[in-house]
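Heads up: the structure comes next, in structure tokens.
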Amino acid sequence: MSSPENPMAYLLEFGLRKVEKERPELTNDEKYRDLKAILLQDAEGHFREIQATYATVLKTQCQCGGQLEPVDHEFGKAEGTIYDSVIAKCRACGATQAFQFPKEGFISEAKSAMALRDYLKGAYGIDYAEMVMGELRNRPGKTG
């Protein structure tokens with residue numbers, strides 16, 4: 001089971017448990033179990049990549065010698081490669097520095113999420129992404 005420290009894997013597992021509760025026959029479907037395991041493994045790998053990215057930024061010092069801290073994070077694509085882009089700001093002088101790291105885990109996670117979604121949609125007529133989003137929208141304390 002994924003931990004709340006990995007928000008993506010946690011949300012995926014939360015949504016899939018809801019799907020399994022509504023469709024208990026999925027627990028006996030070997031292909032579903034395999035696709036789910038691959039997706040959760042890829043989500044864990046992607047999360048480890050993000051943690052490594054932040055650790056690298058935090059270890060890097062500004063030219064003034066101050067500590068950098070991440071202030072913005074997004075994914076981008078350049079020449080066919082997906083990048084994790086982080087903007088860091090120096091705590092001492094306020095200067096900003098940009099970092100880009102190629103991301104393989106993001107690609108794996110996206111591919112495995114699509115494979116599971118396509119399988120569930122084709123075999124069972126289930127759109128688990130929509131079910132999860134609907135569940136999250138209807139939870140108490142939601143924003144927006």
> How about Thr56 and Phe101: do any of their side-chain heavy atoms sit closer than 4.5 Å?
Replying inline: yes

>> Please find the pair of heavy atoms, one from Ala92 and one from Gly66, that lie closest to each other, and give the distance.
In response: CB-CA, 4.0 Å

> Under a 4.5 Å cut-off applied to non-hydrogen side-chain atoms, are Ile126 and Arg23 in contact?
Replying inline: yes

> Do you know the tightest heavy-atom contact between Ser85 and Gln100?
Replying inline: OG-NE2, 3.4 Å

> Taking only residues two or more places apart in sequence or in another chain, which ones pass salt bridge (Lys or Arg N to Asp or Glu O under 4.0 Å) with Arg91?
Replying inline: Glu69

Give every donor-acceptor pair under 3.5 Å between a side-chain atom in residues 112-124 and any protein atom, sequence neighbours left out.
from: Ser112; atom 1: OG; to: Asp42; atom 2: OD2; distance (Å): 3.0
from: Ser112; atom 1: OG; to: Ser108; atom 2: O; distance (Å): 3.0
from: Ser112; atom 1: OG; to: Glu109; atom 2: O; distance (Å): 3.2
from: Tyr119; atom 1: OH; to: Asp29; atom 2: OD1; distance (Å): 3.1
from: Tyr119; atom 1: OH; to: Asp29; atom 2: OD2; distance (Å): 2.5
from: Lys121; atom 1: NZ; to: Asp127; atom 2: OD2; distance (Å): 3.4
from: Tyr124; atom 1: OH; to: Asp29; atom 2: OD2; distance (Å): 2.6

> Of all residues at least two apart in sequence or in a different chain, which pass the salt bridge (Lys or Arg N to Asp or Glu O under 4.0 Å) check with Lys31?
Replying inline: none

>> Within the structure provided, determine whether Val19 and Leu26 are in side-chain contact (heavy-atom separation under 4.5 Å).
In response: yes

>> With rounding to the nearest 0.5 angstrom, report the SG to NZ distance, Cys62 to Lys89.
In response: 11.5 Å

> Taking all non-hydrogen atoms of both residues, which atom of Ala43 and which atom of Leu12 are closest, and how far apart?
Replying inline: CB-CD1, 4.0 Å

> Just by modelled atom types, is the Leu58 backbone N or O under 3.5 Å from a matching donor or acceptor in the Gln67 side chain?
Replying inline: yes

> Between Ala88 and Val57, what is the shortest heavy-atom contact and its length?
Replying inline: CB-CG1, 3.6 Å

> Is it the case that more than 12 heavy atoms not belonging to Gln63 sit under 6.0 Å from its CD atom?
Replying inline: no

> Leu16 versus Glu13: any side-chain heavy-atom pair under 4.5 Å?
Replying inline: no

> What's the spacing between Phe99 CZ and Thr60 OG1 if we round to 0.5 Å?
Replying inline: 4.0 Å

> Crowded around Glu30 CD? As in, over 12 foreign heavy atoms under 6.0 Å?
Replying inline: no

> Are Tyr54 and Ile87 connected, step by step, through hydrophobic side chains (Ile, Leu, Val, Met, Phe, Trp, Tyr) whose heavy atoms are closer than 4.5 Å?
Replying inline: no

> Taking 4.0 angstrom as the limit, do Arg33 and Glu20 come out as a salt bridge?
Replying inline: no

> To the nearest 0.5 Å, what is the distance between CD (Gln51) and OG1 (Thr53)?
Replying inline: 10.0 Å

